[in-house]
Amino acid sequence: MLQQTQVATAIPYFERFMRVFPSVSALAAASVDAVLAQWSGLGYYARGRNLHKAAQIIMRDHAGELPRTAAQLVALPGIGLSTANAILSLSFQQPTAICDGNVRRVLARWSALPLVVESKQAEQQLWQLAQTLQSQTRPRDYTQAIMDLGATLCTRSNPDCTQCPVARDCGALASGEAVTSWPKRLPKKTRPTKTATLWLVFNKAGALWLAEPTSSTGIWGGLHQLPQSLPETLLGQDNYTLSPIKHVFTHITLVVTAKVVLLSDDRHFHLFTNGLWYNPKDKTRLIAMPAIVDKLLAHWLQQGRSS
DNA sequence: AAATCGGGGAG
DNA sequence: CTCCCAGATTT
């Protein structure tokens with residue numbers, strides 16, 4: 001959950017997830033749909049699918065226990081070198097280095113790294129530096145400390161160097177330039193905009209139609225989806241077009257126009273198969289779906305019938 | 001090496 | 001708005 005996701009964001013998801021799947025065996029025994037239901041809203045759904053697969057592999061090949069070597073950990077889906085080393089140092093007191101976003105920022109500043117951090121050279125030097133600096137006697141404390149340093153003091157835009165325990169030999173601080181000018185970064189690239197139409201189809205009870213997932217990969221893979229089109233016979237029905245909303249991804253900006261259809265009778269229900277009717281008020285029934293569903297529902301409730 | 005995967009916190 | 005977060009995987 002913490003891969004590319006801030007701790008504060010992940011905490012409520014983590015707590016709920018651990019209540020529903022309190023053990024590796026419980027997670028392995030669950031359906032991927034049940035896992036993704038708990039992941040809904042958190043994003044990067046491949047993490048949820050990979051975690052589920054990893055649990056099953058751990059049960060099958062590792063007697064239900066996490067392996068304790070980097071090579072075995074990296075072989076599990078969703079675990080790369082960074083996560084493997086984090087597990088080894090934080091859980092098993094092995095002197096492995098991590099080089100996550102916080103650590104990269106701390107080390108780039110401390111070493112006054114002239115290289116653009118996205119470059120292969122910088123990547124290599126930062127990993128090398130991280131491994132060199134790792135404590136051989138207290139790897140767990142060291143790993144937690146350098147991450148917390150980046151998260152609390154050596155922050156992106158407003159570092160508090162007066163409180164920093166390594167300010168004395170920090171290269172960026174000594175340089176006279178602004179500490180925030182590190183890490184050096186590549187110029188930003190513009191994010192392309194794409195448009196999409198999504199349909200909100202409500203039945204008489206006020207439940208929303210969600211289609212079964214059609215693919216386990218790609219954007220929102222494995223999640224239930226809003227229809228992008230409707231059967232011809234329904235297009236003549238009264239429908240409402242909501243004002244477009246923006247939904248930003250890492251690589252694209254999606255401008256979504258939602259169209260709303262209210263089914264007043266049962267005539268057209270036979271057109272809706274391979275999916276389910278989701279009642280937004282039923283909080284007990286968690287469905288694997290992207291955050292944009294609730295976003296559009298809120299938009300519809302707030303905006304209402306504007307056209 | 002570059003692109004692809006969400007969503008939100010913070011400024 | 002922009003930047004970036006306890007990155008991994010695919011192309």
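Just so it is clear: chains get the letters A, B, ... in the order the sequence lines come, proteins before strands, and each one is counted from 1.
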In residues 88-100 of chain A, what donor-acceptor pairs under 3.5 Å come from side-chain atoms, sequence neighbours left out?
residue: A:Ser89; atom: OG; partner: A:Asn85; partner atom: O; Å: 3.0
residue: A:Ser89; atom: OG; partner: A:Ala86; partner atom: O; Å: 3.4
residue: A:Ser89; atom: OG; partner: A:Thr143; partner atom: OG1; Å: 3.1
residue: A:Gln93; atom: OE1; partner: A:Arg140; partner atom: N; Å: 3.2
residue: A:Gln94; atom: NE2; partner: A:Arg68; partner atom: O; Å: 3.2
residue: A:Thr96; atom: OG1; partner: A:Asn85; partner atom: O; Å: 2.9
residue: A:Asp100; atom: OD1; partner: A:Asn102; partner atom: N; Å: 3.1
residue: A:Asp100; atom: OD1; partner: A:Val103; partner atom: N; Å: 2.8

### Distance between P atoms of B:dT4 and C:dA6 (Å, rounded)
24 Å

### Close residues, residues 218-225 of chain A, relative to DNA chain B [heavy-atom separation under 4.0 Å]
A:Gly218, A:Ile219, A:Trp220

### Query
For A:Lys246 and C:dC1, is the shortest distance between a side-chain N/O and OP1 or OP2 below 4.0 Å?
yes

#### Entry: A:Gln38 and A:Arg16 side chains, donor-acceptor separation under 3.5 Å
yes

### Message
Could you tell me how far B:dG6 sits from C:dT11 if I compare only their P atoms? Round to whole Å.
### Response
15 Å

### Task
Could you give me the CA-CA distance, side-chain angles and deciding distance for A:Thr197 and A:Gln228, then say whether side-chain hydrogen bond (donor to acceptor under 3.5 Å, both in side chains) is met?
CA-CA 6 Å; A:Thr197 299; A:Gln228 295 181 259; over 6 Å; no

### Message
Does A:Ala46 reach a base, just sugar-phosphate, or nothing at all? Heavy atoms under 4.0 Å.
### Response
nothing

### Query
To the nearest angstrom, how far is A:Phe249 atom CZ from C:dC4 atom C1'?
17 Å

### Query
A:Trp220: what forms a side-chain hydrogen bond (donor to acceptor under 3.5 Å, both in side chains) with it, not counting sequence neighbours?
none

### Message
Checking one residue: A:Val116. Which other hydrophobic residues are in its cluster under the side-chain 4.5 Å linking rule?
### Response
A:Leu186

## Note on the structure
A:Gln121 CD to B:dA1 P, in whole Å, measures 10 Å

### Message
Tell me the interatomic distance from A:Ile252, atom CD1, to B:dC5, atom P, rounded to whole angstroms.
### Response
8 Å

### Message
For the residue pair A:Asp169 / A:Trp110, report whether a side-chain donor-acceptor contact shorter than 3.5 Å exists.
### Response
yes

### Query
Can you tell me how far C1' in C:dT9 sits from the matching atom in B:dG8, rounded to whole Å?
23 Å

Output a table of donor-acceptor pairs, distance under 3.5 Å, between side-chain atoms of residues 22-32 of chain A and any protein atom two or more places apart or on a different chain; print 'none' if there are none.
residue: A:Ser23; atom: OG; partner: A:Ser25; partner atom: OG; Å: 3.0
residue: A:Ser23; atom: OG; partner: A:Ala26; partner atom: N; Å: 3.0
residue: A:Ser31; atom: OG; partner: A:Ala34; partner atom: N; Å: 3.0

### Query
A:His251 side chain N/O closer than 4.0 Å to the phosphate oxygens (OP1, OP2) of B:dC5?
yes

### Nearest-nucleotide comparison on DNA chain B, the residue closer to the 5′ end among A:Met289 and A:Lys120
A:Lys120

#### Entry: CA sep, side-chain torsions, deciding dist, call: A:Phe202, A:Trp277, ring-ring contact (aromatic ring centres under 6.0 Å, His included)
CA-CA 8 Å; A:Phe202 295 97; A:Trp277 293 97; 8.8 Å; no

#### Entry: Of A:Met1 and A:Thr9, the one whose closest DNA chain B nucleotide lies more 5'
A:Met1

### Message
Using a 4.0 Å heavy-atom cut-off to protein, can you give one letter per nucleotide of nucleotides 5-11 of chain C, 5' to 3': B if the base is in contact, S if only the sugar-phosphate is, - if neither?
### Response
BBBSS--

### Query
Between atom CG in A:Leu186 and atom C1' in B:dA2, what is the gap in whole Å?
11 Å

### Any donor-acceptor N or O pair under 3.5 Å, side chains A:Thr9, A:Gln6
no

### Query
How long is the line joining CG of A:Leu254 and P of B:dG7, in whole Å?
10 Å

